[in-house]
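One structure is given here, and the rest of the page talks about it.
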Amino acid sequence: MKSMSNPVRVRYAPSPTGEPHLGNIRSALFNWLYARASGGQFIVRIEDTDRARLVEGAQDSILDALRWLGLDWDEGPEVEGAYGPYVQSERQALGIYQTHTDWLIANDHAYECYCTPERLAAMRQAQQAASKSPGYDRHCRDLAEAARVDFRKQNPTSVVRFKMPLEGEIVINDVVRGEVKFESSLLDDFVILKSDAFPTYHLANVVDDHLMEITHVMRAEEWLPSAPRHKMLYEAFGFEMPELVHLPIILGPDRSKLSKRHGATSTIYYRDEGYLASAMLNFLALLGWSLDDSSEIFSREELLKHFTLERIHASPAVFDKDKLEWYNGVYIRNMDPKALAEELVSYLEASVTGLPTSVARPIDRDYLATIVPLERERLKRLSEAPAMFEFFFIDQPEYDHALLVQKGMDADTTRNAVERALATAETASDWSAAALEATYRALAEDMGLKTGQLFGTIRTAVSGRTATPPLFDMMSVLGHDRVLSRLKAALA
RNA sequence: GGCGCAUUCGUCUAGUGGCCCAGGACAUCGCCCUCUCAAGGCGGAGAUCACGGGUUCAAAUCCCGUAUGCGCUACCA
């Protein structure tokens with residue numbers, strides 16, 4: 001337990017190189033959860049030090065994902081705080097990383113390296129051929145000052161490398177995994193400042209985490225192998241080491257790291273597909289964390305109440321889309337119909353993926369409000385609504401008239417059933433579901449048909465489909481005129 | 001190849017020496033409910049707890065080894 005004088009400060013530090021990956025957002029969630037659960041601060045820092053991989057709009061997309069899930073940040077882009085700026089390129093422009101690098105060089109913890117990419121590639125090739133473990137051969141580590149002057153003259157581009165210890169053991173302590181040991185001799189002198197004067201992740205991360213007074217570094221497990229480098233950096237600077245919390249990796253169905261070849265990995269994609277933020281939050285929280293043997297449904301509040309670092313798992317978790325969909329169904333069913341209707345409007349009115357253009361926009365909200373309670377328990381994703389609701393909105397659904405014929409019926413009995421159903425509808429005075437059901441049950445009996453037969457025929461005639469909400473609720477919502485015209489069309 | 005992490009039903013997981021010849025959830029199958037589809041209820045199948053050795057009266061749980069999977073091994077994060 002950290003003392004009250006040392007409040008928890010955690011950060012989510014994405015690189016704006018693409019869409020917000022689910023695994024990445026899961027890391028953000030855990031950081032946010034821990035910050036909020038412990039009364040600490042949640043900071044967002046943009047790590048845009050790789051100028052070549054920058055993607056326009058990626059930062060906005062990442063922030064959108066956070067906002068969608070309600071992961072609010074106390075400091076970061078758009079929320080200035082006392083430790084800014086919160087974008088590394090801006091910090092670079094301020095000279096923060098250069099200053100730290102200079103200090104490291106002056107104190108014999110780092111050195112300039114003039115090796116060309118060609119030399120490094122050749123070196124790696126040779127190492128591979130000799131099946132030696134790869135790594136920088138420290139060619140420039142102990143160059144004499146005169147030689148350095150020479151190199152600078154010939155080749156003004158250089159990088160700065162950190163001097164790793166040549167021997168010994170580096171032990172890091174991870175909250176999830178305990179002590180992890182690394183052999184120093186196997187770790188090479190890694191680059192901390194690139195030739196474009198931007199820092200690498202390692203330097204920027206350590207410097208910024210220290211300057212921003214981060215207390216817990218929570219990130220995906222793929223970072224565990226670089227933890228010893230970070231530890232050496234902290235020691236060289238004389239900075240206090242934050243707690244390390246390496247989160248289990250999220251896997252695809254084939255058990256390799258979840259990536260695009262497994263399908264959509266963008267959080268934004270799932271939002272657009274109509275997954276609810278509450279469902280996504282619940283699902284993501286249980287990927288690498290659990291409370292007990294029976295709790296499955298967690299609201300944001302419950303998550304905050306129960307989340308602890310101790311219950312984070314060490315083993316990786318496979319992303320199961322079926323389970324996500326189940327969660328979504330659960331949350332949709334628990335949603336207030338009015339709120340759900342409101343949520344559905346944009347999906348229904350969408351130009352390409354929405355209802356057919358023949359349906360006038362804006363759609364009738366009152367009418368929609370009567371449909372939603374009928375379809376709610378069948379919806380798994382909001383994006384299914386247009387296809388599912390279409391027959392409520394268009395004039396006349398297209399369907400194969402063979403579908404009108406139910407089991408044990410033929411063309412004549414079917415035609416007769418539609419005619420009688422039409423006649424009954426024409427004279428019906430009470431259009432409530434209950435009244436309709438009563439009259440049509442009587443009709444079925446009168447005709448010697450099973451309810452399943454008569455109702456099935458009417459269902460298809462009225463909706464063009466074989467799977468719908470309960471028939472009479474549906475007819476009641478559709479309304480007298482629409483039902484009559486569709487029954488007539490079934491006779492054509 | 002080297003280093004690191006991990007290993008309980010197909011999947012997410014409960015389990016920290018006896019309550020476990022292993023519990024819950026998703027998916028799957030069957031039945032019930034029922035005008036169809038869902039939802040819901042009930043039930044089934046599904047894990048020799050990766051494997052092999054120990055330690056112990058007793059191990060999924062502790063120790064050692066092996067195997068497998070994944071991650072890292074860039075002037076990417």
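Bear in mind the structure is a predicted one, so any value in this text is a computation, not a measurement. In what follows, chains are A, B, ... by sequence order, proteins preceding strands, each numbered from 1.
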statement: By nearest-nucleotide position on RNA chain B, the 5'-leaning member of Ala317(A) and Ala13(A) is Ala317(A)
Pairwise 5' ranking along RNA chain B for Leu471(A) and Pro14(A), keeping only the more 5' one: Leu471(A)
Starting from [atom2] on [N], measure out to [atom1] on [X] and report it in whole angstrom.
X	N	atom1	atom2	value
Asp188(A)	C72(B)	CG	P	16 Å
Arg255(A)	C5(B)	CZ	P	18 Å
Glu325(A)	A39(B)	CD	C1'	15 Å
Leu203(A)	A74(B)	CG	C1'	16 Å
Glu310(A)	G15(B)	CD	P	13 Å
Leu284(A)	C12(B)	CG	C1'	13 Å
Trp326(A)	C26(B)	CH2	P	5 Å
Asn328(A)	A39(B)	CG	C1'	15 Å

task: Could you walk me through whether Glu375(A) and Arg378(A) pass the salt bridge (Lys or Arg N to Asp or Glu O under 4.0 Å) test, one step at a time?
output: CA-CA 5 Å; Glu375(A) 294 282 18; Arg378(A) 264 157 282 262; 3.6 Å; yes
Strictly below 4.0 Å: does [X] bring a side-chain N or O up to OP1 or OP2 of [N]?
X	N	value
Arg161(A)	C75(B)	yes
Arg53(A)	A77(B)	no
Lys323(A)	U13(B)	no
His246(A)	C5(B)	no
Ser290(A)	A14(B)	yes
Lys257(A)	A77(B)	no
Arg459(A)	C37(B)	no
Thr49(A)	A77(B)	yes
Lys194(A)	C76(B)	yes
His313(A)	A14(B)	yes

Across the strands shown, which category fits [X] at heavy-atom distances under 4.0 angstrom: base, sugar-phosphate, nothing?
X	answer
Phe190(A)	nothing
Gly288(A)	sugar-phosphate
Lys407(A)	nothing
Pro248(A)	nothing
Ser195(A)	base
Val191(A)	sugar-phosphate
Glu47(A)	sugar-phosphate
Arg311(A)	sugar-phosphate
Arg333(A)	sugar-phosphate
Thr157(A)	nothing

field: Under-3.5 Å donor-acceptor pair between Arg177(A) side chain and C5(B) base
entry: no
query: Ignoring hydrogens and angles, are the base of C35(B) and the side chain of Thr451(A) linked by a donor-acceptor pair under 3.5 Å?
result: no
Would you mind pulling out the nucleotide paired to [N], Watson-Crick or G-U wobble, both distances under 3.5 Å?
N	value
U36(B)	none
G17(B)	none
U48(B)	none
U61(B)	none
C31(B)	G41(B)
G1(B)	U73(B)
A25(B)	U11(B)

message: Could you check whether any side-chain N or O of Thr414(A) sits under 3.5 Å from a backbone N or O of Asp410(A), counting only pairs where one atom can act as donor and the other as acceptor?
response: yes
Donor-acceptor pair, side chain of Arg376(A) and main chain of Met335(A), under 3.5 angstrom: yes
Could you give the distance separating [M] and [N] at their [atom1] atoms, to the nearest angstrom?
N	M	atom1	result
A39(B)	A27(B)	P	8 Å
A14(B)	A25(B)	C1'	11 Å
C57(B)	U66(B)	P	28 Å
U8(B)	A60(B)	C1'	7 Å
G15(B)	G24(B)	C1'	12 Å
U68(B)	C21(B)	P	32 Å
A74(B)	C3(B)	P	16 Å
G65(B)	C5(B)	P	13 Å

field: Arg415(A) with Glu419(A): basic N within carboxylate O range, under 4.0 Å
entry: yes
query: Do Asp254(A) and His262(A) get their side chains close enough for a donor-acceptor pair, meaning under 3.5 Å?
result: yes
query: Between Tyr327(A) and Tyr331(A), what is the ring plane arrangement, given parallel below 30°, perpendicular above 60°, and tilted in between?
result: tilted
- prompt: Any idea how Tyr201(A) and Trp223(A) line up, ring-wise: parallel (<30°), tilted (30 to 60°), or perpendicular (>60°)?
  reply: parallel
message: Evaluate Glu302(A) against Arg300(A) for salt bridge (Lys or Arg N to Asp or Glu O under 4.0 Å), listing each step before the verdict.
response: CA-CA 6 Å; Glu302(A) 285 163 334; Arg300(A) 172 186 312 267; over 6 Å; no
query: Cationic tip of Arg311(A) within the cone over Phe307(A)'s six-membered ring, i.e. under 6.0 Å and within 45° of the normal?
result: no
field: Nucleotide nearest Pro134(A) (side chain, heavy atoms from C-beta), chosen from A25(B), A39(B), A74(B)
entry: A74(B)
query: Which is it for Asp208(A) and Arg91(A) under the salt bridge (Lys or Arg N to Asp or Glu O under 4.0 Å) test, yes or no, and what are the steps along the way?
result: CA-CA 9 Å; Asp208(A) 287 346; Arg91(A) 302 175 68 76; 2.7 Å; yes
